[in-house]
Amino acid sequence: MVFDQTEILQAFAEDEFFPVFQPLVELRTGQVTGFEILARWNSPRHGAIPPDRFVPVLERDGLIDQLSHTLMQKAFTHPAISKGSFQLAINISPQQMLRDAFPQRIAAIAEQTCFPLHRLTIEITESALLDDLDRARTVARELKALRCKLALDDFGTGYSSLKHLHTLPFDEIKVDRSFVSSLLEKRESRKIIAAMLGLGQSLGLSTVAEGVETQEQANMLLRLGCDHGQGWLFGSPAPITEIDNCLKIVWHADSPTLPVGPTAASLMNLDALPAERLALLQAIYDGAPVGLCFLDRKMRYVSLNRRLAEINGVSIEGHLGKTVPEVIPQVFPSVENYIRRALQGEAINGVEVERMRYDTGAPQSLVLSYHPARDEAGEILGVSVAIMDISDGKRTEAALRESEARYRHMMQLSPHVPWVLDAKGEVAEASARWEQYTGQPLEEALGTGWLKMLHPEDIAHTLEAIQTSLATGQSIDIEYRVHTPRGQWLWMRSRGAPRFGPSGKIMCIYGVVEEVHGHKNATEELESVQAALRTALDSAPLGMVIVDGQDCTVRMMNQAARTIFGAAVNPGMTLAEYTRMAVTSLDGRRIRPEDFPITRSILRGEVVNAMQVLLHRADGVQLWLSISSKPIYAEDGELIGGLSVIRNLESDRARCHHPPDSPASTLQ
Ligand code: C2E
Ligand code: CA
Ligand code: CA
């Protein structure tokens, strides 16, 4: 079957190309969360022609953009799609992605059809990127700026996957169906998929398995930690009129049929995640009298030991793959903040939590610790949590030693030198890495010994910073020189923050010291600081919006702010556009643009604390918010902008019409 260009142009003219939609299912919940758009051509002359046949012809004839345009136009304007909030994925050819103005074309069609681009995932194959990685990077960035998501299609079939995963801002990887089809028969396929999923997870990417045809495959994928599945089991590509029916489908996993020995389930799961240090975890898990678990970056239980299952009153299998709020909903609000902080790199020890014992209802005191776990490159993989039950005074020495050994090990894996100062300001603990930098054995560095390695001129301000922190609770951020074994002075940066006990007294200061990389040029440094800042802001559970005071436009907003405002706020919009948002006060009156906290901060330099308002989004969602805002000043005192911090007072999705009883205070 050979088609010439006239035939294809005629097919466009006769409207013979159309999209079909294949559901994507979240394995954990069984719900349909989106669809992949696949092209179809019904030719009156040749019948139904598969995309593998006509896509290469359209690519050859420069008509592939027209195909994408047709598919998007049809999809985006259909009520079944425009009224929904699910994700849509579209396949984009290599040449399309790399051609000039591709992001602009996407933006244009989204604008014409009023389709919010955060609902669009662009699927590209690895070959698309090989030709011109620099160009691909630029385009990818532009697409991200439009809020599109990026998926790496047919993952595992190309050959430079790792490189691409690192250099391009993917949100998702789609594991090719060739691996899925042999998942149950071949141990190697299982290992490869496990490694791919582990890799995706450790890079913070969502994972999709393609070509899922059987219940057994889906069960196994769920157990291996895969996020989404796509394939005939959940639904074949269907016409647009079937979308509403597809959305009703709920897939149910079978209950696990694994052999259940004391740690069988947890080890099985660990096996799936080679990145997470099997040996270390296994050794400590076995027989520890302390409840231990490892949470991934989405707060899901990746592994846990028996003791933790006992403490929570839920089986090991009942934890695996589920999130903390799902397994322990009552306790979660009191620990969420610690988990989030640990996910941002902070090690937190000795948090006491009181709760009711699940079986007898008696009060139970738990001591919890949260430590970020990092890979060799320092990236945070998740959090390891240790839990001790101290209610009946059975806090054994052994238990303490066990968890301490674990922390010490974790600390030594860190690329930084973590340290702990006690309430007197003396070093109580530090990583053995200090010795690598200074040659000073760790035992000698404890207490005040470490000061011997500091440059004499740097000692006074260092001690002063520590004393100030202990006296006022301020954080520490200082630089000093240390003496290296080769007789040179090395600049180090040390940062830390005090931890407060229940009475508000400072118990200790936790921090890290790292080498200051003098060789980095200024732009690189700035970029990495910006990237780090953005990541940190994006993982914050509070919405943040920064408005530039000079041109009064929204400069930056974090992930939480995007979630709260939905499509109503975008970077680049003006303050006037921003404050057009429908927001009412407690007594139901509409907040005028000049009374928005951010306007008050930018135009009048005011600090606004925790103003409670009700947001009415265009999509009908109403949210109670607590908004704080403050001006941002340059070093010379000039007012250059404003920062708004927005807290969503409703922990879950908003349908509520009253402000929650006791709104937590907003960050200042
Ligand atoms: P793809 O992106 O990997 O799309 C998934 C393909 O797997 C689809 O084939 C789908 O029908 C098929 N599939 C879905 N579930 C199963 C399953 O459980 N088992 C098996 N064996 N197959 C399953 P389709 O629709 O024939 O598309 C083939 C390829 O054509 C797509 O592969 C994609 O690369 C390309 N394609 C489709 N639409 C477009 C488009 O609009 N633009 C571009 N550039 N390429 C497209
Ligand atoms: Ca695809
Ligand atoms: Ca694919």
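We count ligands from 1, going down the list as the structure has it; atoms in each ligand are counted the same way. Just so you know, residue 1 is the first one in the sequence shown, and it goes up from there. Just so we're clear, the structure is a prediction, and the values are computed from it rather than from any experiment.
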Inset, instruction - Answer with yes or no after comparing the ring centroid distance for F54 and F17 against a 6.0 Å cut-off, counting only values under it. - result: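 Here the rings of F17 and F54 have centres that are less than 6.0 Å from each other.
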Inset, instruction - Measure from the ring center of F3 to the ring center of W41 and say whether it is less than 6.0 Å. - result: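 Here the rings of W41 and F3 have centres that are less than 6.0 Å from each other.
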Legend entry - Greater than 12 external heavy atoms within 6.0 Å of R135's CZ: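 Yes, the 6.0 Å shell around CZ holds more than 12 heavy atoms from other groups.
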Before accepting this row, confirm whether a basic side-chain N of the pair [X]/[Y] lies closer than 4.0 Å to the acidic partner's carboxylate O.
{"X": "D132", "Y": "R137", "answer": "no"}
{"X": "K83", "Y": "D244", "answer": "yes"}
{"X": "K174", "Y": "D154", "answer": "no"}
{"X": "R105", "Y": "D100", "answer": "no"}
{"X": "E326", "Y": "R28", "answer": "yes"}

Could you check whether any side-chain N or O of [X] sits under 3.5 Å from a backbone N or O of [Y], counting only pairs where one atom can act as donor and the other as acceptor?
{"X": "Q217", "Y": "T214", "value": "yes"}
{"X": "Q230", "Y": "V25", "value": "no"}
{"X": "D296", "Y": "K298", "value": "yes"}
{"X": "R562", "Y": "M557", "value": "yes"}

Which residue holds the protein heavy atom closest to [atom], what is that atom called, and what is the gap in Å?
{"atom": "atom 21 (N) of ligand 1", "result": "E213 OE2, 3.1 Å"}
{"atom": "atom 10 (C) of ligand 1", "result": "L38 CD1, 3.9 Å"}
{"atom": "atom 28 (C) of ligand 1", "result": "D52 OD1, 3.3 Å"}
{"atom": "atom 44 (N) of ligand 1", "result": "S93 OG, 2.9 Å"}
{"atom": "atom 42 (N) of ligand 1", "result": "N91 O, 3.3 Å"}
{"atom": "atom 13 (N) of ligand 1", "result": "W232 NE1, 4.0 Å"}

Do any N/O atoms on [X] end up under 3.5 angstrom from N/O atoms on ligand 1?
{"X": "Q230", "answer": "no"}
{"X": "R177", "answer": "yes"}
{"X": "E59", "answer": "no"}
{"X": "A39", "answer": "yes"}

Legend entry - Nearest protein heavy atom under 4.0 Å from atom 32 (O) of ligand 1, yes or no: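 Protein heavy atom within 4.0 Å of atom 32 (O) of ligand 1: absent.
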Legend entry - Protein non-hydrogen atom below 4.0 angstrom of atom 26 (O) of ligand 1 present: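 Given the 4.0 Å cut-off, atom 26 (O) of ligand 1 counts as touching protein heavy atoms.
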At less than 4.0 angstrom from any non-hydrogen atom of [X], what atoms of ligand 1 do you find?
{"X": "E36", "value": "2 (O), 4 (O)"}
{"X": "Q22", "value": "14 (C), 15 (N)"}
{"X": "D154", "value": "3 (O)"}
{"X": "R40", "value": "11 (O), 25 (O)"}
{"X": "E210", "value": "3 (O)"}

Inset, instruction - Any chance you could measure F35, atom CZ, to C246, atom SG, to the nearest 0.5 Å? - result: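 Between atom CZ of F35 and atom SG of C246 there are 5.0 Å.
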Legend entry - Euclidean distance, T241 OG1 relative to H78 NE2, rounded to 0.5 Å: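 Output value for this atom pair is 7.0 Å.
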Inset, instruction - Determine which of the N, O or S atoms in D154 is closest to the Ca ion (ligand 3) and give its atom name. - result: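 In D154, the heteroatom (N, O or S) nearest the Ca ion (ligand 3) is OD1.
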Legend entry - Shortest-distance N, O or S atom of E210 relative to the Ca ion (ligand 3):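 In E210, the heteroatom (N, O or S) nearest the Ca ion (ligand 3) is OE2.
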How does [X] reach ligand 1, by side chain, by backbone, by both or by neither, if only non-hydrogen atoms under 4.0 Å count?
{"X": "P237", "answer": "side chain"}
{"X": "P50", "answer": "neither"}
{"X": "L71", "answer": "side chain"}
{"X": "D176", "answer": "neither"}

Legend entry - Minimum non-hydrogen distance to atom 35 (C) of ligand 1, winning option of G235, P51, P23, G229: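 Answer by nearest heavy atom: P51.
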Inset, instruction - With R617 as the cation and F565 as the aromatic partner, state whether NZ or CZ is under 6.0 Å from the six-membered ring centre and within 45° of the axis. - result: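 Pair R617/F565 does not count as cation-pi.
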Legend entry - Vertex the Ca ion (ligand 2), rays to OE1 in E123 and OE2 in E36 - rounded to 10°: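 Seen from the Ca ion (ligand 2), OE1 and OE2 are separated by roughly 90°.
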Legend entry - Apex the Ca ion (ligand 2) - arms OD1 from N91 and OD2 from D153 - angle rounded to 10°: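 N91 OD1 and D153 OD2 form an angle of 90° at the Ca ion (ligand 2).
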Legend entry - Any G211 heavy atom less than 4.0 Å to ligand 1: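 Right, G211 reaches ligand 1.
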Inset, instruction - Could you tell me which non-hydrogen atom of P103 sits nearest to which non-hydrogen atom of V139, and how far apart they are? - result: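 Looking at all heavy atoms of both residues, the shortest contact is CG-CG1, 3.9 Å.
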